[in-house]
Amino acid sequence: MSLSNRLIIFDTTLRDGEQSPGASMTKDEKLRIARQLERMRVDVIEAGFAAASPGDFEAIRAIASHVKESTICSLSRANDRDIARAAEALAPAPRRRIHTFIATSPLHMKMKLRMEPEQVLEQAKLAVRFARQFTDDIEFSPEDGSRSEEDFLCRVLEGVIAEGATTINFPDTVGYAVPEIFGETIKRLRTRIPNSDKAIWSVHCHNDLGLAVANSLAGVMIGGARQIECTINGLGERAGNTALEEVVMAVRTRSDYFKLDLGIDTTQIVPASKMVSQITGFAVQPNKAVVGANAFAHASGIHQDGILKARETYEIMRAEDVGWTANKIVLGKLSGRNAFKQRLQELGIELDSEQEVNAAFARFKELADRKAEIFDEDIMALVADEEQAQDSETYRFVSLAQRSETGETPSARVVFAMDGKEVVAEGQGDGPVDATVNAIESQAQTGAELVLFSINAISNGTQSQGEVTMRLSKNGRIVNGVGSDPDIIVASAKAYLAGLNKLHSKVERLNPQG
Ligand code: KIV
Ligand code: ZN
């Protein structure tokens with residue numbers, strides 16, 4: 001069978017991306033991202049792992065009920081319970097896919113599964129057979145594929161295709177592969193497996209050696225894969241997954257070489273990147289390809305001169321083609337509720353109720369009183385803040401007074417609500433942020449450990465809001481709290497309280513690969 005020219009983009013930000021420590025998202029946050037992925041015309045959205053927790057199940061169900069254009073997928077281990085749960089969560093989706101997997105490498109089979117290869121083969125086939133009753137669109141992954149024995153892989157993959165698997169996804173689970181070998185392996189598997197042409201081949205690469213994008217593209221060009229699994233900003237376990245923005249723009253920019261068609265609306269890439277970064281608190285490094293703040297900035301005189309004479313001298317893509325827009329002042333102090341609501345719509349932000357619009361508008365007015373120019377990024381941040389606050393109300397920021405002076409010990413006085421009751425907390429510290437966290441802890445006494453602190457300017461200039469991410473750890477759980485405010489110490493207090501709220505919501509979930 002001749003290979004199609006259509007490259008399928010399978011986004012797993014909401015599943016593999018969410019497995020990144022601290023990146024867990026609420027149902028509403030996932031739904032916002034899913035809607036953005038649909039706007040970007042992603043072919044398949046892996047919305048989660050339905051059997052992991054009731055929260056994951058509900059999020060997949062909500063996405064399956066709202067997203068109409070993309071295929072919605074749930075991951076499931078190769079057992080009837082997980083598969084039935086995935087099918088139930090996906091039921092409302094017009095197009096649904098069940099993605100089942102089992103490890104096939106000697107190491108994983110022996111040490112993790114404690115199963116014999118023959119048992120793994122049988123379980124893989126049974127899982128696909130069982131999944132077929134719920135949908136015709138079945139994806140199968142041999143986990144740790146790149147470290148599995150080829151003869152065994154041939155038997156497993158031939159078996160699952162015979163049972164009805166329509167996509168075979170070849171994962172480099174631990175990011176161990178190198179491009180040429182990875183591509184050649186897929187090519188050999190496709191040649192050796194007699195029914196290989198009955199399935200679309202896919203790649204799923206992790207970035208431990210910084211090779212995820214290169215491996216994915218080799219899987220396509222050498223191996224003949226026609227689906228790439230990827231995440232926005234390369235989010236994902238450990239060093240992350242293949243970055244969607246990078247593979248998509250490589251294929252589009254070098255269409256002379258790849259000769260592949262994509263369904264993606266690339267102008268939605270930067271808005272998606274900002275949304276994922278704001279929701280998860282994972283900042284995008286400035287020199288990150290395509291979506292980093294410097295990706296289209298030309299600092300050197302020679303480059304600037306060249307760009308002014310002819311843009312193509314130093315630019316291979318146009319910033320506007322991936323969704324970069326000049327920071328626009330969109331609203332101000334005098335803007336009314338209707339203008340605000342319309343801007344939310346233009347940004348693709350759909351709030352669930354008029355009550356939520358009112359709460360966001362109240363926050364907007366508060367901000368507009370303190371900050372003359374309000375940018376799209378400010379609106380996105382305030383909606384993210386509001387959603388965090390709605391999800392869990394255990395801790396809520398009220399006000400802060402802080403004092404620091406050269407030669408003096410910084411101190412902070414934070415007023416916040418704890419279970420609906422206002423408390424006044426005072427503390428000192430090495431710096432104003434330390435004093436603020438100490439003040440909050442003096443009352444909340446959670447014992448959470450701050451493992452990462454980062455601060456970013458949301459827009460340009462010193463009037464920009466600061467967006468603070470605080471990663472907190474407690475009893476082995478890691479969460480990210482995000483807070484934004486023109487005052488970075490207030491943003492820090494909000495981020496810390498948001499993190500405590502997440503730690504407080506006792507989400508118990510399984511890691512599919514755990
Ligand atoms: O990395 C991996 O192997 C996975 C599979 C579940 C596809 O995420
Ligand atoms: Zn993975």
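Counting starts at 1 for both ligands and their atoms, following the listed order. Starting from 1, each residue takes its place in the sequence as its number.
- A donor-acceptor contact closer than 3.5 angstrom links the side chains of D11 and T13.
- Those atoms of ligand 1 that come under 4.0 Å of a heavy atom in S141, given as number and element, are 7 (C).
- The contact set between ligand 1 and T173, taken as ligand atoms under 4.0 Å from a residue heavy atom, comprises 1 (O), 2 (C), 3 (O).
- Contact detail for R39 and D265: the closest heavy-atom pair is O-CB, 4.1 Å.
- Looking only at its N/O/S atoms, D16 has OD2 as the one nearest to the Zn ion (ligand 2).
- For the residue pair Q19 / R15, a side-chain donor-acceptor distance below 3.5 Å is found, with atom types taken as modelled.
- No donor-acceptor contact under 3.5 angstrom links the side chains of S202 and T167, judged on distance only.
- Of all atoms in ligand 1, numbered sequentially from 1 with element shown, those under 4.0 Å from a heavy atom of E143 are 3 (O).
- When only modelled atom types and interatomic distance are considered, N169 and S141 share a side-chain donor-acceptor pair under 3.5 Å.
- Residues Q227 and E229 have side chains that bring a donor and an acceptor to within less than 3.5 angstrom of each other.
- Within H206, the N, O or S atom lying nearest to the Zn ion (ligand 2) carries the name NE2.
- Less than 4.0 angstrom separates some heavy atom of P171 from each of these atoms of ligand 1: 3 (O).
- Of all protein heavy atoms, the one closest to atom 5 (C) of ligand 1 is Q513 NE2, 3.8 Å.
- The atom of H204 nearest to the Zn ion (ligand 2) is NE2, with the search restricted to N, O or S atoms.
- Of all the listed residues (Q19, E229, R15, H204), R15 holds the heavy atom that lies closest to atom 6 (C) of ligand 1.
- Counting only N and O atoms by type, the side chains of S273 and N233 include a donor and acceptor under 3.5 Å apart.
- Short contacts between ligand 1 and H206, defined as distances under 4.0 Å to a heavy atom of the residue, involve ligand atoms 1 (O).
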